[in-house]
Amino acid sequence: MSPEKSILKKKLIENYATIFEKELINEIIEVGSFQSLKSGEQLIDIGDEMTHIPLIVDGVIKIIREDENGEEIALYFLEKGDTCAISFVNCINRTKSMFRGVVTRDTEGIFIPVNKVDIWLQKYESWRRFIIDSYHFRLIEMVESIDRLAFLNVEKRLYKYLIDKSKIMKDKTLIITHQEIAEDNHTSRVVVSRLLKRLENDGQITIRRNRIIIEN
DNA sequence: ACATTAAGTGATT
DNA sequence: AATCACTTAATGT
């Protein structure tokens with residue numbers, strides 16, 4: 001057995017022996033390849049063709065989406081024990097990657113050629129479970145990201161609302177309750193309280209009972 | 001001092 | 001982000 005294969009075997013057994021059956025482990029050793037990646041390296045870029053699926057043994061990979069302006073948003077992170085099931089769908093459809101993957105911390109991974117990924121789905125229960133779980137987990141993480149983004153937008157909206165209100169009232173001090181602000185902005189009092197707290201921590205406003213003071 | 005209402009928090013979905 | 005279930009703080013009587 002080549003040195004590369006034996007390290008692959010070692011890493012695989014260390015990390016996946018409990019979740020994959022013996023035959024699958026053997027197949028992975030056969031077709032997989034072990035790779036170390038340095039922090040900062042780019043694993044895959046948007047538009048690249050996917051050829052392999054990574055099983056992360058150690059380290060962190062950040063999955064990023066980019067908009068027209070080159071603004072990046074982190075969708076989720078792949079860590080030890082993770083794989084990228086989303087990229088797996090890309091593989092089956094022979095489509096290009098929608099994401100960019102950047103190594104955030106030195107990473108070790110086992111790379112599986114995409115054609116096997118599909119075959120194993122039917123062949124191994126543990127593999128199917130692994131992929132489905134991974135998919136599920138990724139989805140949850142992404143929903144959380146969406147929530148976070150939506151949250152930020154509401155914070156901006158809220159600040160604008162306060163500024164506008166202040167202009168209309170010609171007063172830096174607004175006599176208003178969180179409840180009323182919530183109603184105006186179609187959200188809940190609790191959310192308003194939390195966002196206002198953040199604005200206050202940023203020094204943009206001061207909160208008093210029944211009043212909000214806009215700072216400069 | 002006590003009740004009422006506003007605001008803050010942590011956990012959950 | 002919304003909701004729940006409390007807790008804590010401010011105010012009125």
Side-chain angles (χ1 to χ4, degrees), chain A residues 18-19 46 53-56 59-90 97-102 104-105 121 125-216:
Chain A
T18 50
I19 56 172
I46 295 162
I53 290 283
L55 300 183
I56 312 298
V60 180
I61 292 174
K62 180 168 64 169
I63 303 298
I64 296 165
R65 188 90 244 252
E66 198 184 63
D67 71 7
E68 319 81 62
N69 314 316
E71 295 265 14
E72 294 182 340
I73 48 169
L75 294 175
Y76 48 77
F77 293 86
L78 298 178
E79 290 168 277
K80 179 176 174 151
D82 287 338
T83 188
C84 192
I86 307 288
S87 62
F88 152 75
V89 175
N90 283 336
S97 176
M98 300 162 63
F99 311 117
R100 170 177 302 148
V102 177
T104 306
R105 241 175 40 208
L121 266 188
E125 171 64 27
S126 64
W127 181 254
R128 197 181 324 141
R129 265 257 70 84
F130 179 66
I131 296 292
I132 289 172
D133 285 352
S134 157
Y135 213 105
H136 181 221
F137 198 61
R138 230 78 295 146
L139 183 62
I140 289 172
E141 283 188 300
M142 216 179 312
V143 166
E144 282 167 358
S145 285
I146 290 168
D147 283 351
R148 229 186 49 235
L149 292 171
F151 205 73
L152 287 179
N153 288 336
V154 173
E155 180 170 347
K156 283 193 188 122
R157 243 170 50 209
L158 204 56
Y159 186 62
K160 191 176 184 308
Y161 166 88
L162 294 175
I163 298 288
D164 287 352
K165 194 106 183 166
S166 160
K167 273 184 196 150
I168 293 165
M169 308 305 256
K170 294 191 199 316
D171 196 340
K172 297 244 174 207
T173 302
L174 304 175
I175 309 296
I176 196 167
T177 65
H178 296 187
Q179 183 61 54
E180 290 170 308
I181 297 173
E183 282 159 12
D184 281 353
N185 289 278
H186 302 109
T187 179
S188 66
R189 198 273 306 163
V190 192
V191 170
V192 169
S193 293
R194 286 188 172 128
L195 291 171
L196 289 177
K197 195 81 211 166
R198 273 162 63 167
L199 290 173
E200 186 179 43
N201 290 337
D202 287 351
Q204 298 176 282
I205 60 171
T206 303
I207 301 170
R208 286 284 116 82
R209 177 180 241 242
N210 285 317
R211 47 173 50 79
I212 289 162
I213 304 140
I214 314 265
E215 303 293 345
N216 292 314

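Residue numbers begin at 1 in each chain, while the letters A, B, ... track the order of the sequences.
Rounding to the nearest 0.5 Å gives a distance of 11.0 Å between OG of A/Ser126 and CG of A/Asp133. Between the CG atom in A/Asp171 and the CD1 atom in A/Ile214 there is a gap of 9.5 Å [rounded to 0.5 Å].
An end-to-end axis angle of 10° holds for the helix from B/dA1-C/dT13 to B/dT13-C/dA1, taken from five base pairs per end and rounded to 10°.
With 3.5 Å as the limit, one finds a donor-acceptor pair spanning the side chains of A/Gln179 and A/Glu183. At a cut-off of 3.5 Å, with distance as the only test, no side-chain donor of A/Thr206 or A/Glu200 sits close to an acceptor on the other residue. Between the side chains of A/Asp184 and A/Tyr161, a donor-acceptor pair is found at a separation under 3.5 Å.
Electrostatic pairing of A/Asp164 and A/Lys160 counts as a salt bridge here, judged by a charged N lying under 4.0 Å from a carboxylate O.
Whole-Å rounding puts the A/Asn153 CG to C/dA2 P distance at 13 Å. Atom-to-atom, NE2 of A/His186 to P of C/dT3 comes out at 13 Å; the value is rounded to the nearest Å.
Looking at A/Thr83, its side chain does come within 3.5 Å of a backbone N or O of A/Pro54 through a donor-acceptor pair.
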Given protein heavy atoms under 4.0 Å, the one-letter contact record of nucleotides 4-13 of chain B, with B base, S sugar-phosphate only and - none, is simply -BBBBBBB--
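When the options A/Thr173, A/Ile205, A/Ile175 are evaluated for a side-chain contact (heavy atoms from CB on, under 4.5 Å) with A/Ile212, the one that passes is A/Ile205.
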